[in-house]
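First up is the structure itself, then whatever we jot down about it.
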Amino acid sequence: MARKKIALIGGGQIGGVLVQLIAQKQLGDVVLFDIVEDLPQGKTLDIVEASRVDLFDVNLRGTNDYKDIEGSDLVIITAGLPRKPGMSRDDLLVTNAKIMKTVAENVKQYAPNAIVIVISNPLDAMVTLFQKITGFPTNRVIGQAGVLDSSRFATFIAWELGVSVKDVNAMVLGGHGDTMVPIVRYANVNGIPIMELLERKYNDKNKAKEVMDAMVNRTKMAGGEVIKLLKTGSAFYSPASSAVAMSEAILYDEKRILPTCAFLNGEFGVKGYYVGVPAVLGANGAERIIEFKLDTEEQTALDNSVKAVKGLVEDMTRLGF
Ligand code: TXD
């Protein structure tokens with residue numbers, strides 16, 4: 001079987017880690033595209049020179065020419081500016097929409113059959129714009145946010161309970177913004193509900209709720225917390241890992257159920273918008289949305305998050321994108 005071809009559009013912080021992870025896991029041959037001259041060439045050269053040490057054997061190529069992404073099976077897009085301290089993801093809308101427009105036009109031309117994972121912010125709007133410009137079927141255009149947001153939530157829960165993060169299952173739905181919706185009711189440690197474990201730990205229902213609320217809030221603000229510490233940009237290791245997990249599910253046709261920014265056609269009461277929901281990821285991209293019943297509070301929170309996504313998409317349309 002021929003190796004898969006993976007194009008990475010954007011050779012910045014996330015793009016660089018993506019190349020390294022994809023190479024180490026030998027998921028396929030990589031073409032790293034950036035508009036900055038020599039940057040993607042330098043990064044791929046640096047990473048490939050570790051191939052003897054890391055024992056991987058795939059082709060890594062940096063380029064400033066879109067033609068080199070021709071025929072890619074998978075495209076991951078990180079092109080666009082990241083946030084600086086004090087900025088919201090939405091502040092990036094105009095700048096990144098302009099960038100996404102050229103990216104989409106070129107991916108449409110050179111990799112018309114690819115499955116595409118968008119990472120650039122504001123995530124939900126950028127996925128929407130990419131799909132609109134390319135006209136690719138919606139199952140082939142998805143966004144990465146929920147895998148990371150859920151991993152952040154799981155990390156905080158593991159720390160709080162003093163258990164291995166490997167045993168924590170927690171999911172975050174909704175848009176990739178401050179209105180995202182961590183689902184507390186189904187969060188568990190190897191099947192044991194988190195709230196029960198917290199109530200046992202504190203022997204106090206109110207205290208348990210307070211602790212959970214704090215973890216939920218930290219999850220929602222987790223991107224900003226990293227930015228405040230880094231000062232010069234936003235998280236990049238964990239977003240890259242998250243996109244790689246999605247890529248593996250697609251390339252190996254794993255049918256994993258991962259929180260994915262996917263196009264909804266009535267699921268969860270949402271029609272015609274990209275929002276974070278559990279989706280089956282396999283060889284055909286987002287093959288299926290996994291719907292489940294939300295309680296009133298969760299549905300209200302999701303509706304509120306969808307409202308924020310809609311607002312952003314409308315702003316984008318008003319601005320001519
Ligand atoms: O979970 C998530 N979805 C995210 C998303 C988590 C963290 C950060 N997230 C967003 O990803 C972030 O807000 C940004 O919008 C993107 C990329 O973040 P990264 O940290 O990698 O940003 P960099 O280091 O600035 O890299 C962006 C690269 C940089 O090398 C630019 O030269 C390039 O994008 N760039 C372009 N590439 C191709 N085409 C065009 N037009 C272009 N313009 C800039």
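Side chains included, hydrogens not; waters and symmetry mates left out as well; all remaining heavy atoms used. Numbering of ligands and ligand atoms starts at 1, following listing order.
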pair Lys101-Lys98: side-chain heavy atoms closer than 4.5 Å: no
Proximal ligand 1 atoms for Ala235, defined as those under 4.0 Å from one of its heavy atoms: 7 (C), 8 (C)
Residue pairs fulfilling salt bridge (charged side-chain N to carboxylate O under 4.0 Å, His left out) with at least one residue in residues 157-172, sequence neighbours excluded: Glu160-Lys201
Distance flag, aromatic centroids of Phe263 and Tyr273, threshold under 6.0 Å: no
Pairwise side-chain contact, Val116 with Ile142, heavy-atom cut-off 4.5 Å (strictly under): no
Val36 N/O to ligand 1 N/O under 3.5 Å: no
Shortest heavy-atom approach to atom 22 (O) of ligand 1 - which of Gly223, Ser120, Pro239, Pro82: Pro82
Non-hydrogen atom of Leu39 closer than 4.0 Å to ligand 1: yes
Atom indices of ligand 1, in the order listed, that fall short of 4.0 Å to a heavy atom of Ile119: 2 (C), 3 (N), 4 (C), 5 (C), 9 (N), 10 (C), 11 (O)
Part of Arg89 within contact of ligand 1 (heavy atoms, under 4.0 Å): neither
Phe153-Met171 co-clustered via ILVMFWY side chain contacts under 4.5 Å: no
Proximal atoms of ligand 1 relative to Leu92 (non-hydrogen, under 4.0 Å): 13 (O)
Candidate list Gln299, Glu298, Lys293, test side chain to side chain contact (heavy atoms under 4.5 Å, CB included), partner Asp295, passing option: Glu298
Donor-acceptor contact below 3.5 Å, side chain Gln144 vs main chain Leu148: yes
Heteroatom proximity flag, Thr78 to ligand 1, N/O under 3.5 Å: no
Transitive ILVMFWY side-chain link Val244 to Tyr252, under 4.5 Å: yes
For atom 30 (O) of ligand 1, the option (of Asp34, Val226, Thr95) bearing the nearest heavy atom: Asp34
Heavy-atom side-chain contact between Ile76 and Leu18 under 4.5 Å: yes
Close-contact set for ligand 1 against Asn96 heavy atoms, below 4.0 Å: 15 (O)
Nearest neighbour of atom 26 (O) of ligand 1 from the list Gly12, Cys261, Gly16, on a heavy-atom basis: Gly12
Atoms of ligand 1 close to Leu81 [distance to a heavy atom under 4.0 angstrom, numbered from 1]: 12 (C), 13 (O), 14 (C), 15 (O)
Within-shell test, Ser234 vs ligand 1, heavy atom, strictly < 4.0 Å: yes
Nitrogen or oxygen of Leu148 less than 3.5 angstrom from that of ligand 1: no
